[in-house]
Amino acid sequence: MNLARFPRIRLGHLPTPLEPMEHLSRRLADAHGKGPKIWMKRDDCTGLSTGGNKTRKLEFLMADAEAKGADTVITQGATQSNHARQTAAAAAKLGLACHLLLEDRTGRRDAAYTQSANVLLDRLHGAVIDHRPGGADMQAEMEILAEKLRAEGRRPYVIPGGGSNAVGALGYVYAAQELLGQAMELGLRIDHVVHATGSAGTQAGLVAGLVAMNSGVSVLGIGVSSPRVTQEAKVLELAQDTAKYLDLPGIIRPHHVLANCDYIGQGYGIPTEGMVEAVRLVAECEGILLDPVYSGKAMAGLIDLIRKGHFAADSNIVFLHTGGAVGLFGYPEALASD
Ligand SMILES: *Cc1c(COP(=O)(O)O)cnc(C)c1O
């Protein structure tokens, strides 16, 4: 695969580290001290405005925006969207205007959630923020805004929620290449990659890249919003689009796409006990911050699946840390210990 064919603007600190989680692996081992070895791919360290997985997608999306002569980017997400924050930062760096449409997906009204954390950073990066009620057709709302800006003489570029289309997913095809290169250097046979899946671009790009390279690595997305059937269909469609965009149509089959959506709890952005336990455990035994909406729930899933013996004891699991720790400041009640 030759990703250099696609325009890309460097925004992230890449490659991100691939680190062994020795304490965490030991804490999750069985009574005989046996259990999978956990590694972490530190995409929380991409650097852009505290980093996260959207940075890799934005390297390709912002290059496409510039190639198309845009002077403004529009995107959307939940109030505490990490994607909105990283898009605002990328736009600031490139001198583009940025409009964010934030959807109220949790119904929360407190200042920590509505003003602090990602929202605070969106504002610092100079983004124009507008709000929409939960359940709004956010893609349609963005198109309406784009039309209005065009009428004012602007040249807007619309980035879908989460940066999840074939262009954005190239960022995770690239991540798949990066990861396999690191595994080769370490002499590490990766059996599984586990990560949080939402708008699907991360998993779609990883799957497209790992299948294209005939890696034999399986990817398990832990869902944070939709039921499994919906989530797997969304990932499959985008992985197939991405493969087509890479000139490799037909390589992605339904069995390549696996999601587990048993760890969502009451809904997107609503804390669960497992999330709180996961955030605390990883903070305490590895000194690493997960987030309450995505990586915390994904780690809660990984912990539970390891405890249930889902993974072979001699397997190597890479947890892709997709970032989001800024969001912790939007959840003080759920996470503060007494
Ligand atoms: C957006 C996001 C995800 C999910 O990635 P998708 O590509 O939208 O599936 C996971 N973790 C964090 C921290 C995110 O911000």
Side-chain angles (χ1 to χ4, degrees), residues 12 16 40-46 48-58 60-61 75-89 102-103 105 117-118 121-122 138 159-176 193-209 219-226 230-239 241-242 257-261 263-264 268-269 275 278-279 282 288-302 319-328 330-331:
T16 58
M40 203 180 279
K41 175 67 171 157
R42 299 292 306 277
D43 275 12
D44 57 318
C45 299
T46 58
L48 183 70
S49 185
T50 77
N53 62 337
K54 304 314 180 304
T55 304
R56 290 186 187 269
K57 302 178 185 181
L58 287 163
F60 291 93
L61 289 162
T75 199
Q76 60 96 357
T79 304
Q80 282 296 336
S81 168
N82 301 298
H83 165 66
R85 180 242 313 156
Q86 287 162 87
T87 303
L102 300 182
E103 179 189 358
R105 287 168 73 175
N118 281 292
L121 303 192
D122 296 342
M138 296 301 285
I159 297 175
S164 286
N165 57 19
V167 175
L170 289 182
Y172 273 89
V173 175
Y174 179 44
V193 174
V194 177
H195 68 92
T197 181
S199 68
T202 301
Q203 190 170 1
L206 277 177
V207 167
V219 179
L220 176 63
I222 309 284
V224 298
S225 45
S226 311
T230 317
Q231 188 66 25
E232 287 184 343
K234 192 158 67 164
V235 175
L236 178 62
E237 187 183 356
L238 184 51
D241 282 355
T242 306
V257 174
L258 287 171
N260 180 321
C261 299
Y263 302 94
I264 299 169
Y268 175 86
M275 176 280 284
V279 168
V282 174
I288 291 172
L289 298 171
L290 300 175
D291 86 281
V293 180
Y294 295 95
S295 55
K297 285 186 180 175
M299 182 59 81
L302 177 59
F319 180 81
L320 171 68
H321 188 339
T322 44
V326 168
L328 291 169
Y331 288 78

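The figures that follow rest on heavy atoms only: side chains count, while hydrogens, waters and symmetry mates do not. Numbering of residues begins at 1 and proceeds along the displayed sequence. Start at 1 and go down the list; that is how both ligands and their atoms are numbered.
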statement: Of all protein heavy atoms, the one nearest atom 11 (N) of ligand 1 is Thr322 OG1, 2.6 Å

query: Could a heavy atom of Gly52 be found less than 4.0 Å from some atom of ligand 1?
result: no

- request: Could you tell me whether the side chains of Asn118 and Asn82 share a donor-acceptor contact shorter than 3.5 Å?
  value: yes

field: Asn82: numbered ligand 1 atoms lying under 4.0 Å from its heavy atoms
entry: 13 (C), 14 (C), 15 (O)

message: For ligand 1 and His83, I'd like to know whether there is a polar contact (N/O to N/O, distance under 3.5 Å).
response: no

- prompt: Distance only, no hydrogens: is a donor on one side chain within 3.5 Å (strictly under) of an acceptor on the other, for His83 and Thr75?
  reply: yes

query: Relative to the heavy atoms of Thr197, which atoms of ligand 1 are at a distance of less than 4.0 Å?
result: 9 (O)

query: Identify the closest protein heavy atom to atom 5 (O) of ligand 1: which residue and atom is it, and at what distance?
result: Asn53 ND2, 3.0 Å

Within-4.5 Å side-chain heavy-atom neighbours: Val293 and Gln80: no

query: Which part of Val293 is near ligand 1, with near meaning a heavy atom under 4.0 Å away: side chain, backbone, both or neither?
result: neither

- prompt: Is there a heavy atom in Ala200 that sits closer than 4.0 Å to ligand 1?
  reply: yes

- prompt: Judged by atom type as modelled, is there a donor-acceptor pair below 3.5 Å linking the side chain of Lys57 to the main-chain atoms of Gly162?
  reply: yes

message: Would Gln203 count as a polar contact of ligand 1, with the cut-off being nitrogen or oxygen pairs under 3.5 Å?
response: no

Side-chain donor or acceptor of Gln203 paired with backbone N/O of Ala239 under 3.5 Å: no

task: Check whether any heavy atom of Gly198 sits under 4.0 Å from an atom of ligand 1.
output: yes

field: Proximal atoms of ligand 1 relative to Lys57 (non-hydrogen, under 4.0 Å)
entry: 6 (P), 7 (O), 8 (O)

message: Donor-acceptor check, side chain of His321 to backbone of Cys45, threshold 3.5 angstrom: yes or no?
response: no

query: Listed by chain and number, what are the ring pair (Phe, Tyr, Trp, His ring centres under 6.0 Å) partners of Tyr294, not counting sequence neighbours?
result: Tyr268

- request: Could you establish whether Lys54 and ligand 1 come within less than 4.0 Å of each other, counting only heavy atoms on the residue side?
  value: yes

- prompt: Tell me: protein heavy atom nearest atom 8 (O) of ligand 1, and distance?
  reply: Ser199 OG, 2.5 Å

task: For Gly323, counting its heavy atoms only, list the atoms of ligand 1 lying under 4.0 Å from any of them.
output: 13 (C)

- prompt: Looking only at heavy atoms, what is the nearest atom pair of Thr16 and Arg56, with distance?
  reply: OG1-NH2, 3.2 Å

- prompt: Between the main-chain N or O of Pro160 and the side-chain N or O of Gln76, is there a donor-acceptor pair closer than 3.5 Å?
  reply: no

